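Below is one structure, written out as structure tokens; comments come after it.
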Amino acid sequence: MKASTVIITVLATLTAVVFLTVATGVAGFAALVMLGQRQYGLRMEHKNFEVYYTSKVTEAEAKQFIMYLALEQDSSNNRITFQLDRSGDDFLVRMCAQEHVYTTNQADDLAEGMRNEIQTKYFMHENVVLEACDEMLRTKKTFRANESPSVK
């Protein structure tokens, strides 16, 4: 075999390997994005707020929640992630919170006030439950109407 044929064969093989690696990487990334959407729901953003909503919540409800954030919580400088969901008769507002929110009682009044405001001003026909979550959206503390917060 000539040297030029060997070089062309090696180049063709390397090109095929690189193409497959890139294609697999793109497919793998797309699968991760789809997994994230399936796990957390569809995503919306407003300034420093990130809101996911599951298939149990409509896009209009998610936009209504974004409106709440824009009007009532827009002064926050921290990036905050929320997830909207439903469980039985409850409209769940799940919020990634700093650890002290769910390990102490320091923020209970603020969280309860937020829950009450969401229910009375934006989701009047819903039983709103606010859940303080860790960075993986695992519920750590729950705030319900007229109940003491429960810690998990």
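As the structure is a computational prediction, the values presented were derived from the model and not from experiment.
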Nearest non-hydrogen partners of Lys121 and Met124, listed with the distance = O-CE, 4.0 Å

Tell me, yes or no, whether the heavy-atom count around Met136 atom CE, taken from other residues, nucleotides or ligands under 6.0 Å, exceeds 12.
-> no

Carboxylate-amine/guanidinium proximity below 4.0 Å for Arg144 and Glu112 | no

N/O donor-acceptor pair under 3.5 Å between Arg94 side chain and Cys133 backbone = no

How many angstroms lie between atom CD of Glu50 and atom OG1 of Thr81, to the nearest 0.5 angstrom?
-> 4.0 Å

Could Glu131 and Arg138 be called an ion pair, given the rule that one side-chain N must be under 4.0 Å from one carboxylate O?
-> no

Start with the C-alpha distance between Cys96 and Asp134, add both sets of side-chain angles, then the distance that settles side-chain contact (heavy atoms from CB on, under 4.5 Å), and finish with yes or no.
-> CA-CA 5 Å; Cys96 286; Asp134 65 12; over 6 Å; no

Treat each ILVMFWY residue as a node, draw an edge where side-chain heavy atoms are under 4.5 Å apart, and state whether Leu71 and Leu69 are in one component.
-> yes

Is any side-chain heavy atom of Tyr53 closer than 4.5 Å to a side-chain heavy atom of Ile66?
-> no

Distance-minimising heavy-atom pair for Tyr102 and Ala97 = CE2-O, 3.6 Å

Are any of the side-chain heavy atoms of Leu84 and Val93 separated by less than 4.5 Å?
-> yes

Could you tell me whether a side-chain N or O of Lys141 sits under 3.5 Å from a main-chain N or O of Thr104, the two making a donor and an acceptor?
-> yes

Between Glu117 and Arg115, is there a salt bridge with N-O shorter than 4.0 Å?
-> no

Rounded to the nearest 0.5 Å, what separation is found between the CD atom of Glu135 and the CD atom of Gln98?
-> 12.0 Å

Phe91 backbone acceptor or donor facing Glu126 side chain under 3.5 Å = no

Under a 4.5 Å side-chain heavy-atom rule over Ile, Leu, Val, Met, Phe, Trp and Tyr, are Leu130 and Val128 clustered together?
-> yes

So how far is it from Tyr52 OH to Met44 CE, rounded to the nearest 0.5 Å?
-> 13.0 Å

Is any side-chain heavy atom of Glu45 less than 4.5 Å from a side-chain heavy atom of Val51?
-> no

CD1 (Ile118) and CZ (Phe143) are apart, to the nearest 0.5 Å, by 11.5 Å

Tell me, do Ile80 and Asn48 make a side-chain contact under 4.5 Å, heavy atoms counted?
-> no

Report yes if the side chains of Tyr40 and Leu137 come closer than 4.5 Å at any heavy-atom pair, otherwise no.
-> yes

Just do the salt bridge (Lys or Arg N to Asp or Glu O under 4.0 Å) check on Glu61 and Arg86 with the steps written out, would you?
-> CA-CA 12 Å; Glu61 290 168 325; Arg86 282 199 166 75; 2.6 Å; yes

Rounded distance (nearest 0.5 Å) linking atom NZ of Lys56 with atom OG1 of Thr58 | 14.5 Å

Could you walk me through whether Asn127 and Asp90 pass the side-chain hydrogen bond (donor to acceptor under 3.5 Å, both in side chains) check?
-> CA-CA 5 Å; Asn127 182 35; Asp90 295 333; 2.5 Å; yes

CE of Met95 to OG1 of Thr139, rounded to nearest 0.5 Å, is 11.5 Å

Path from Val101 to Met114 over hydrophobic side-chain contacts below 4.5 Å | no

Salt bridge (Lys or Arg N to Asp or Glu O under 4.0 Å) between Lys140 and Glu99, worked out | CA-CA 9 Å; Lys140 298 294 185 178; Glu99 190 174 336; over 6 Å; no

Walk me through it: do Phe65 and Phe82 pass the test ring-ring contact (aromatic ring centres under 6.0 Å, His included)?
-> CA-CA 10 Å; Phe65 184 74; Phe82 293 89; 5.2 Å; yes

